[in-house]
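Quick notes on the structure that follows.
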Amino acid sequence: MENKGIFETVKERKTEEKGLVDLPNVEGEVVLRFAPNPSGPLHIGHARAAILNQEYVKRYSGKLILRLEDTDPRRIDPKAYQMIEEDLTWLGVKWDEKIIQSDRITLYHQYAEKLIELGQAYMCTCPGDEFKKLKDQSQACSCRDLSIDDNLKLWKEMPFMSEGEAVLRVKTDIQHKNPAIRDWVAMRIVDFEHPRIGTLFNVYPMMNFAVTVDDHLLGITHVLRGKDHLANSEKQEYLYHHFGWTVPEFIHYGRLKMEDVALSTSQARKGINDGLYTGWDDPRLGTLRAISKRGIKKEALKELMLEIGVKIADTTISWKKIYGLNRNLLEDEANRYFAVFHPEKVIIENLPESDKGVIKRLKHPDFPDRGYRMLPFDGIVYLDQTDLERNESKVLRLMDAVNIVFKDGKTIFHSSSLEEARRSNAQIVQWVPVTSSPDVELVMHDNTILKGLAEPSIEELNPNDVVQLERVGFARLDEIQPKIRFYFAHK
RNA sequence: GCUCCGGUAGUGUAGUCCGGCCAAUCAUGUCGGCCUCUCGAGCCGAUGACUCGGGUUCGAAUCCCGGCCGGAGCACCA
């Protein structure tokens with residue numbers, strides 16, 4: 001006993017040392033960014049990037065920039081700009097500055113021109129497939145030899161050309177052993193109205209170009225990104241060198257897979273449009289809004305992401321893991337209520353008057369100061385059908401009320417005390433009074449809806465409260481008007 | 001196919017850079033017992049992993065080579 005304190009402090013120090021690894025080469029202020037493409041709401045993969053960035057910003061007292069990367073007019077959902085901010089807010093991630101790339105197109109044009117003047121970019125008018133053919137054989141196309149003046153001239157004409165006629169390429173190494181790195185495209189023509197800035201421009205930067213210019217201008221010191229960007233990081237390094245800029249630290253983490261969730265934004269969008277899903281918050285989706293609707297706390301997600309960290313190896317997240325972390329949080333927080341989902345009305349015969357009345361039960365067994373809920377008990381109750389079936393010839397205990405037994409299709413009072421129930425090996429079940437018990441719905445993970453009834457006190461809850469429906473599981477109250485609807489979280 | 005990168009218990013993770021203190025950490029899950037008027041929690045216990053094969057070494061999860069398996073990229077998307 002006396003030694004316990006010592007063990008605890010040792011343990012504490014040990015766990016403190018774990019967690020996220022430090023960022024490499026930290027000198028001066030740390031500036032990080034979270035840079036999603038506004039094509040839909042955030043999903044669990046975005047949460048990883050957002051949480052990791054935020055965590056490092058916190059650790060180094062740095063700065064976090066939110067950057068919306070909307071340089072492809074075709075891949076934008078105008079609603080996403082706002083949804084992303086909402087999702088980040090739910091996650092508890094705060095940014096110090098927000099920029100939107102479509103506000104900065106002119107800037108990218110200026111840097112593109114500068115790059116041409118440096119002789120490090122050229123206008124390429126080759127058809128894409130022809131260039132690819134040459135490139136795959138490590139051969140430059142004739143455009144690569146254009147003079148700076150010729151390139152500038154073509155560059156000025158670019159806005160008057162149409163899509164596909166020309167691109168601006170960055171010179172890298174045409175012999176680079178990875179063909180993907182060879183002379184990549186910096187600017188291209190897009191004949192498509194941009195949802196935010198309309199038809200102001202038709203020459204747009206490619207992601208790699210815009211990202212590099214912005215990361216430099218904003219003073220980003222460390223870039224956390226998925227390993228799918230490994231080749232992009234290498235492409236971008238050429239640009240940093242051309243401009244003589246300092247290359248930030250690139251940190252790549254592995255892919256995140258979520259068991260049984262389909263989840264690319266485009267797949268989800270299609271499902272929503274086809275009526276397969278109810279919306280971005282459909283419980284079957286991996287979006288943050290779906291996850292939060294199911295009563296998963298942001299803290300659980302945060303713990304998970306910090307545990308996964310920044311390893312480059314892929315990881316598969318199991319729901320059980322999330323539920324386990326979440327249950328640790330909910331156990332204390334969630335008050336308890338009764339609800340019955342396959343309701344069967346039962347009239348208890350021979351019930352002594354003395355057993356009727358109002359039953360009091362703690363809202364939370366570990367926190368008596370939260371008080372009680374009251375359940376009127378007059379011998380007529382709803383029970384879960386499956387509990388009835390399982391206990392046909394046995395004694396059944398209604399929690400905090402009485403013990404009953406079934407005989408010849410009738411339900412008969414057996415005894416009152418818990419001791420008696422114990423003696424009879426009775427199963428103890430929740431119940432709901434027949435009078436004044438509101439109808440409730442419980443939306444399951446597969447979006448099926450269970451209809452049932454809950455005890456009267458359920459009406460004191462507010463939307464967003466997460467409770468434990470005893471013997472059913474944890475659930476989040478989604479709405480109370482016009483009907484009471486819960487989303488199932490987990491056992 | 002080409003380029004690159006990974007592979008520690010069911011899942012996630014520590015340890016791998018600088019070989020020995022690792023018969024390998026922690027979490028979550030699973031199983032069992034106790035407890036509890038919840039199928040929740042708590043307590044106790046159990047389970048379970050270094051991808052394989054060679055090599056270097058007194059000694060390898062850690063270093064080297066090869067195989068196997070897995071992933072990413074190979075766009076005028078991000």
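Note on naming: letters A, B, ... go to the chains in the order of the sequence lines (proteins, then strands), and numbering restarts at 1 for each one.
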*According to a strict under-4.0 Å criterion, is A:R188 in side-chain N/O contact with OP1 or OP2 of B:rC77?*
yes
*Could you tell me whether A:H445 and A:Y487 have their ring centroids closer than 6.0 angstrom?*
no
*Span that lies between the P atom of B:rA61 and that of B:rA9, in whole angstrom*: 15 Å
*asked:* Need to verify one output field. Residue with the more 5' nearest nucleotide on RNA chain B, A:I312 or A:T315?
replied: A:I312
*Is the distance between the ring centroids of A:W184 and A:F209 less than 6.0 Å?*
no
_Any base atoms under 4.0 Å from A:N232, or only sugar-phosphate, or nothing? Heavy atoms, all strands._
base
*asked:* Is a donor from one side chain sitting under 3.5 angstrom from an acceptor on the other, for A:N335 and A:R370?
replied: yes
*Look at A:R336 and B:rG40 and indicate whether a side-chain polar atom (N or O) is within less than 4.0 Å of OP1 or OP2.*
no
*Please state the P separation for the pair B:rG7 and B:rC65 - nearest whole angstrom.*
15 Å
_Could you tell me how far B:rG48 sits from B:rC5 if I compare only their P atoms? Round to whole Å._
36 Å
*Distance between C1' atoms of B:rC63 and B:rA78 (Å, rounded)*: 39 Å
*Give, ordered by number, those residues of residues 180-187 of chain A having at least one heavy-atom distance below 4.0 Å to an atom of RNA chain B; if nothing qualifies, reply none.*
A:A180, A:V185
*asked:* Does a side-chain N or O of A:K177 approach OP1 or OP2 of B:rC4 to a distance below 4.0 Å, or not?
replied: yes
*A:M206 pairs by side-chain contact (heavy atoms from CB on, under 4.5 Å) with which of A:M187, A:K235, A:R188?*
A:R188
*base_contact_polar (B:rA75 base, A:K132 side chain, donor-acceptor, <3.5 Å)*: no
*Hey, can you tell me if A:W431 and A:F338 have their rings parallel, tilted or perpendicular (30° and 60° cut-offs)?*
tilted
*A:Q267 and A:S264: side chain donor to acceptor below 3.5 Å*: yes
*asked:* Looking at A:Y372, I'd like to know if its OH atom is crowded, meaning that more than 12 non-hydrogen atoms belonging to other residues, nucleotides or ligands lie closer than 6.0 Å.
replied: no
*Do any side-chain nitrogens or oxygens of A:T71 fall under 4.0 Å of OP1 or OP2 in B:rA78?*
yes
*Report yes or no: is there a donor-acceptor pair, N or O only, under 3.5 Å between the side chain of A:Q468 and the base of B:rU38?*
yes
